[in-house]
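The structure appears right after this line, and notes come after that.
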Amino acid sequence: MEKTPINLTAPDKTLVPPPVRLKFNKLPKQIQERLSRRQDGEGKGFAFKTAEVVSSYISIIIAVLWFGLLFYLTNDFLWGKFQLVIFSLISFIASYLLLFNLYKLFRWFTSGAKCCLLIT
C-alpha cells in the first residue's frame, strides 16, 4: 500500500482559512468615509458603542486622587497594621483602575472606529 503525499498548495475544503484582519487605516479612502458616515448614523446600519470613554476619565481621576491622598497621609502619621492593610488594598484597586482605564483610552484613541461596532 503506497502513501500519497499531501499537497498543501491545493485548495482543500476541509481546511479552515485563517481569519482576515482589516485595519481601518489600511482600507480604501472611500470605505473609510462610508464607515465614518455610518458610525455617525447615516445610511443603513447601526452603531453600538462598546466602551465609554467618560467613565475612563473619571476612574483615572479617582485613582490619581487616591494616590495624592495617600501621599498626604504618609506625612507625619504612624500607621498601624490595620491601616497598612486597608491602604494597601485600596492602592491595589486604584492601580488596577488606573492601568485598566489607561489601556482602554489607549485602545480607543488608536482604534479606527473609535469603539463602535458597526453592523451593516
| query | What pairs with Ser91 under side chain to side chain donor-acceptor pair (under 3.5 Å), at least two apart in sequence or on another chain? | reply |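 For Ser91 the side chain to side chain donor-acceptor pair (under 3.5 Å) partners, ignoring immediate neighbours, are Trp66.
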[X] and [Y]: which non-hydrogen atoms are nearest, and at how many Å?
X     : Y     : result
Ser95 : Phe67 : N-CZ, 3.9 Å
Ala94 : Ala63 : O-CB, 3.4 Å
Lys26 : Gln32 : N-NE2, 4.2 Å

| Above 12 or not: heavy atoms from other molecules or residues under 6.0 Å from OH of Tyr103? |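 Open: at most 12 neighbouring heavy atoms sit under 6.0 Å from OH of Tyr103.
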| query | Can Leu97 be reached from Tyr57 by stepping across I, L, V, M, F, W or Y side chains whose heavy atoms are under 4.5 Å apart? | reply |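 No, it is not one cluster - the side chains of Tyr57 and Leu97 are not joined through contacts under 4.5 Å.
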| task | Examine Leu70 and Phe92 and state if one hydrophobic cluster contains both, with Ile, Leu, Val, Met, Phe, Trp and Tyr joined whenever side-chain heavy atoms are less than 4.5 Å apart. | result |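 Different clusters: Leu70 never reaches Phe92 through Ile, Leu, Val, Met, Phe, Trp or Tyr contacts under 4.5 Å.
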Side chain to side chain contact (heavy atoms under 4.5 Å, CB included) partners of [X], counting only residues at least two apart:
X      : value
Phe100 : Tyr96, Lys104
Leu65  : Ile61
Lys81  : none
Leu99  : none

| Hey, what do you get for CG (Leu98) to CD1 (Ile93), rounding to the nearest 0.5 Å? | 13.5 Å
| field | Atom pair CG (Leu102) and CZ (Arg107), whose distance is rounded to the nearest 0.5 Å | value | 14.0 Å
| Taking ILVMFWY side chains as joined if any heavy atoms are under 4.5 angstrom apart, and letting links pass through other members, which residues group with Val85? |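 So far as hydrophobic clustering goes, Val85 is joined with Leu89.
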| request: Ignoring hydrogens and angles, tell me if any N or O in the side chain of Thr74 forms a donor-acceptor pair with the backbone of Phe71 under 3.5 Å. | output: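 Here the side-chain-to-backbone pair exists.
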| query | Between the main-chain N or O of Gly80 and the side-chain N or O of Gln83, is there a donor-acceptor pair closer than 3.5 Å? | reply |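 Such a contact is found between Gln83 side chain and Gly80 backbone.
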| task | Take Leu105 and Ile60, measure what side chain to side chain contact (heavy atoms under 4.5 Å, CB included) needs, and give me the verdict at the end. | result | CA-CA 10 Å; Leu105 282 177; Ile60 289 170; 3.5 Å; yes
